[in-house]
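Worksheet: one structure, shown below.
Reckoned from all heavy atoms, side chains included, excluding hydrogens, waters and symmetry mates. So you know, we letter chains A, B, ... as the sequences are listed, proteins then strands, and number each from 1. Everything quoted here is computed from the prediction, not taken from an experiment.
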Amino acid sequence: MSTIAVEHVARIEGHGTISVSVKDGKLLHARLDVTEPARFFESMVRGRTYAEVPLIASRICGICSPNHTITAIKALEAAMSVDTTPRTALLRKVLVYGSYLQNHATHLYLFAAPDYVGAGSAFALAETHPHVLERALRLKKLGNELTTLVGGRSVHPITAVIGGFTREPPQTELAAILESLRAALPDALETVELFAAVNEPEFETEGDLLALVQDEDYAIYEGDVGSIRGGWRRPVSEYRDFLAESVVDHGNAKHSTVDGRAFAVGALARLSLSGKLLAPRAAQAAASAGVETGTVNPFRNNLCQAIELVDAIERCAGYIECFLEDDGESRPDAVRVRAGSGAAATEAPRGTLYHSYEVDGEGVVRSADIITPTAQNLGNLEADMGRFVAAVADLATDELSALVQRLVRAYDPCLSCSVH
Amino acid sequence: MIFRIMDKTSLHELVQGLVEEKEVVGPVARNGRFVFDRIAHPGELKLDYDTTLLPPKKWLFPPEESMMRFRVADSEIVDDDVHVTPRVLFGLHPCDINGLLLMDNVFTRDYVDPYYAARRAATLVIGHSCTPTETCFCNAWGTDEVNWGFDVFLTDLGDRYFVSVTSAEGSELLDRYVENQPATEADIKEFTRASRRARELFPHALDTSHLPMLLEAKFDSPIWDRLGEACLGCGACSMVCPTCYCFDVRDRTSVDQKSGERVRTWDSCQFAGFSAVAHGENFRADRASRVKYRYYHKQWGYLSKFERVLCVGCGRCTRACLAGISPVTVITELEGGDGE
Amino acid sequence: MRPTVAIFGLASDYGCQVQITNAEDDLPALLGALDIVYWQLASSASLPEEYDVAIIEGAVTIEEHVEFVQAVRETAKVVVAIGACAVCGGIPALAGESLDERVLDVYGRVEGVAVGRRAPRPLSDFIAVDYTVPGCPIDAQEFLGVVTRVLLGLSDPVSDDPLCASCKVAENVCFFDSGEVCLGVVTRAGCGARCVGLGRPCMACRGIAPGANRQGLASVLAERDADLDTVRRRLAIYNSREGS
Amino acid sequence: MSDRVNDVLDNPYVPLQARITSVVDLTDKEKLFEIRIIDEQARDAFAFGSGQFVELSILGVGEAPISITSAPTKRGSFELCVREVGDVTKALHQKRCGDTVSVRGPFGRGFPFDRMKGHDVLLVAGGLGIAPLRSLIDHIRDERHEFGNVTIMYGVKNPGEVLFGYEFESWRTRDDFDLVMTVDEPDAAWKGEVGPVTRLFDGIAVDPSRTYGAICGPPAMYPHVIAEMRKKEMDVERIYVSFERRMKCGIGKCGHCGVGHKYTCVDGPVFSYWEAMNLREAI
Ligand SMILES: Cc1cc2nc3c(=O)[nH]c(=O)nc-3n(C[C@H](O)[C@H](O)[C@H](O)COP(=O)(O)OP(=O)(O)OC[C@H]3O[C@@H](n4cnc5c(N)ncnc54)[C@H](O)[C@@H]3O)c2cc1C
Ligand code: SF4
Ligand code: SF4
Ligand code: SF4
């Protein structure tokens, strides 16, 4: 019998406890108990004026706050039929995709990397691999600079509001950060090399993989929802029809299924579905790292995130170039309040993020539904943990425990998000 | 002082010349109001501005400045130089130049403040005439006129400027960049007529005749309690005032605690802890006493030292105060008027 | 001797802990000055018996938190509260007092979920706090400044005055001038009126300034025919504990 | 474009390095520090009068105004008696003999020593208020023949708070000083008076035509002591008081120490009672 129990798994956002138990090659249970306390966001935003909601929703997560902010804004705009300009969309894309730099760099280097060198934390890298830590901090910093430039600060953006932006970043600073982005490509490419070289266990998830998809673009800011196993594509507005949430007994996060089946979201899903649409350098990097469309090894999520670092840099640079040439407006018009309901999804660094709201004629939110990437992943993660442990149960417990934690971290879970 | 006349159209050349030579700071538009900021070309100047958000004092006495840098380990001061950028302050109204004169009294006499003094010495001041606004009451103190404290002053006479020059440097600059002629009898007449016309535009005729005495006599008046209830304790009035000079000094050290700097920042007597000392004693613990002190010091404390009141009637504090506390109403009330 | 430091998260979004990692340029110096012995977000090291300084993010929202922070207080010589959640209740405290409704709302049942829940409270409701770094999120530089003062054994530098003065220094145009309401009038200074500078009125994320005149704000609002109730509700987003 | 101007003028904000040459624990909260300015020229130039203060810095912590407690006649070094109340004073208390600190000054207007000559002197101190008065007492002692009767009244909360007790004992045995002490909370060993310092006035004779008064203590003490002195018909212009206010510069710029229409740092900290009467919120 092998039993693995890890309380308060370290180097993930939020508190959770792993317990897996296998007997005679048969799985008894595999659980990730989310001990993160409930904060009741969906309930708290009820009764609040529409304008306050993105600000509150942003506080679901300190890492992907730009994504929560923008997704809430988009959903409320959908509910009240508020139009925005292409210029606004450009800034939002920089904010949403820019957050990948900070998230992926933090996750890959500060959270995941210590596993590969047998260290307890990334701070130990300062001694053993100083240049790696420096690279991590450079990438992270660039991500923060980007979101600060557009959103006003790196965590919980200020300028993004319903209808547009209260302030635009100064042209000179945008031009400067464009240079920094270009200069950061080598760092991102080296990150891909680093994670491509890692020997990940051979393992495939049984669940489905879901992500936003678009015909022409690596979908981040908008699109339909695509399924790799189901092979289907459906509009975001219908997400409640295909995505079911259920309350579980072991924690405050709900679990999700699609067509009755567990599924995963995140970089792996995005690359599997849209790998062909990567920006040129990212596509090259993916090819040389041996990641092909259809990859379903969840351990490879790390490598996929690394590839996305390259893509995010290329694409953000592109958005900024377009922005600098654009002569439109992003200043919000006064919102015409009207009753309605609306849903929106974006790809947060950790996967598809859904927000939907019902607003009354006074602009007061009457109901809200928020489904975070980690909440969607939890069911699949538990299933993967179980199958993985069952497959390699003969390993020593310590080694097994380390590998399971590595698997959990590869999902880049955000437990505070998952509960919200 | 010499008086010259220059064509209004040559202002552009003057500013262009200055910009090429030095850092030039002047009134520019921001979010529907005006601020004194660096300019790169003459077109940015908005000389028809009303009152800037902050007065020009920030260019001589910045809101935050490092006074010295030091090493912590051996208490060694490693840098106590005063860092100064020579510059031109362009387009100052008479009230703001008077404001500088009042600051000069504090910072360039007894124990000269090297930071202010060095900047003042490296600053060329070019004034510009103005039109009174709703909140202006410089006429009450005579600070609508200014006779020194600047290098060049431009009075708008419609198609031309009446130029008063008080310094050799000002005179040289003028000659270098623009054509100008000596002012004639007629010009001088026109100049006095223009200033008289401006005087008539003032919205208030404030009686300040018994002010210092009244501040003493009405020290215990309920006026102050009422003001204390309204005052938000926010210190906005001090920040926007061209004549408030109080500051705080703090040490900051680097995270490794090896080096540090001593920094001074603007302060306000309206903040609750301004007069607090250790052991919990606070000499002005309630807002009423603090609002009172602001007036008491401006119209009497400073006056007792420098024979002028510490206010130039710019009206910035009137505009900045959300609670509606204004020198005009306070003084009117003290003087026994209805205080509007 | 570097002090040993433990960093904890209660109910929060981890944004303030993330902000610590966001001081990229200063991280090496910070790690040099502090011996971080426990930080679940960044390290697998388990919590030692003893440590000198506790840095706590998040609000107290479950029974377990109460015992936990009391134990922390007994162990640590210095307790630093970071972020609105820990300092004034922040967004978690927006959930209010009657949680059953909320649980039902979110989970469709009240039993077996959100176990141990209790009305969210700031840290200072349970233990003495030596230093506070307010804000949602905290500013990394402000945090570093406070840490430096902790290291030197100096007093908590947090300001007691309202925000408007620094807003004036930043030369923002006041929201009240255009008929909008801004909470900076009663909010604790220290952020440089960041939001106002970016075109949004202050939401009081740094908590209410001890030196603020709330009655005075009420008069200002009444004078301008603003709806007091709306303003009160807005103030409560971060400061639901402070009935106004 | 930034130019450095370092030869402008002496910078009155920049402190001098100084060495602590002795530290004496006086009570639980107060220590006596002997300070020696390191630069010889500056040390020789450092001349002050009783009642003046220095700005003492611990670089990295801050600055605090502290009265000089030694007599102007003591050359080469001076003494500060400091109570630990906050950041700077705490940091100072952690310093040892041989450590460096930084000082500026001397600043302010002290007691009118020369005018006091040829007169009787009545000194009243409460608690830490003895610090500036000790400078005056020591100065008088050094030029004792210039003065008439010298009476010192000293009140503290309890016997453990008596500062410079060892010195007072030696004065008590000299017959040219009259020293009376009182405490609010006596212990078994206490031999002096009990009660507020004003009680000490009952037993003394004052010749108002030839007596100067000097008072320093907590703010609440002033009105009572002054009332007693006035009862003895002492002249308002011959009573001197020393004030404590918040200070950030010591040189009349920062504005914190405003008392009435004056500044404590440059117009005081020592004021005649006549001046103080005309300063709002002073007493
Ligand atoms: C003329 C005069 C003579 C005096 N003589 C004596 C004497 O002989 N002996 C004696 O013991 N005392 C004397 N005092 C009193 C003494 O000056 C004070 O006790 C002393 O200033 C207290 O300073 P502190 O730094 O220890 O305490 P605090 O008041 O705690 O000051 C803390 C320090 O931190 C700074 N600070 C305060 N708030 C903040 C904040 N929010 N953020 C960052 N920094 C902050 C302050 O500027 C200060 O430097 C005298 C005072 C005066 C005016
Ligand atoms: S007190 Fe008010 S009116 Fe007078 S100078 Fe200051 S800001 Fe201007
Ligand atoms: S905008 Fe807000 S913070 Fe700024 S001055 Fe106005 S009320 Fe104060
Ligand atoms: S302006 Fe207000 S809401 Fe914005 S950071 Fe400052 S205190 Fe928080």
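At a cut-off of 3.5 Å, with distance as the only test, no side-chain donor of Glu64(C) or Thr35(A) sits close to an acceptor on the other residue.
Of the two parts of Ala126(A), neither the backbone nor the side chain holds a non-hydrogen atom closer than 4.5 Å to a non-hydrogen atom of chain C. Interface remark: Arg48(A) contributes backbone and side-chain atoms alike to the contact with chain C (heavy atom separation under 4.5 Å). Proximity to chain C (any heavy atom under 4.5 Å) is restricted, for Ser58(A), to the backbone atoms N, CA, C and O. At a 4.5 Å heavy-atom cutoff, the contact between Leu94(C) and chain A is made by backbone and side-chain atoms alike. Contact of Glu13(A) with chain C is made through backbone and side chain together, with heavy-atom distances under 4.5 Å. Using a 4.5 Å cut-off between heavy atoms, Phe165(A) makes no contact with chain C at all.
Salt bridge Asp25(C)/Lys140(A): absent, no basic N to carboxylate O contact under 4.0 Å.
Judged by distance alone, the side chain of His15(A) and the main-chain N or O of Gly9(C) form a donor-acceptor pair under 3.5 Å. A side-chain donor-acceptor contact under 3.5 Å links Gln40(C) to the backbone of Ile12(A).
At a threshold of 4.5 Å between non-hydrogen side-chain atoms, the residues Arg59(A) and Pro92(C) do not count as touching.
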Legend entry - Verdict with supporting geometry, Ser43(C) and Arg11(A), side chain to side chain contact (heavy atoms under 4.5 Å, CB included): CA-CA 6 Å; Ser43(C) 160; Arg11(A) 286 183 276 119; 5.5 Å; no
Legend entry - Asp26(C) and Lys141(A): CA distance, side-chain angles, deciding distance, salt bridge (charged side-chain N to carboxylate O under 4.0 Å, His left out) verdict: CA-CA 11 Å; Asp26(C) 299 292; Lys141(A) 187 177 171 200; over 6 Å; no
Inset, instruction - Take Thr49(A) and Arg233(C) through the test side chain to side chain contact (heavy atoms under 4.5 Å, CB included) and record every step on the way to the result. - result: CA-CA 10 Å; Thr49(A) 313; Arg233(C) 277 173 59 79; 5.7 Å; no
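Rounded to the nearest 0.5 Å, atoms OG1 (Thr21(C)) and CZ (Phe111(A)) are 7.0 Å apart.
Looking only at heavy-atom pairs under 4.5 Å with chain A, the residue among Asp105(C), Leu198(C), Val106(C) that has the most is Leu198(C).
Within a 6.0 Å radius of CD in Glu63(C), more than 12 heavy atoms belonging to other residues, nucleotides or ligands are found.
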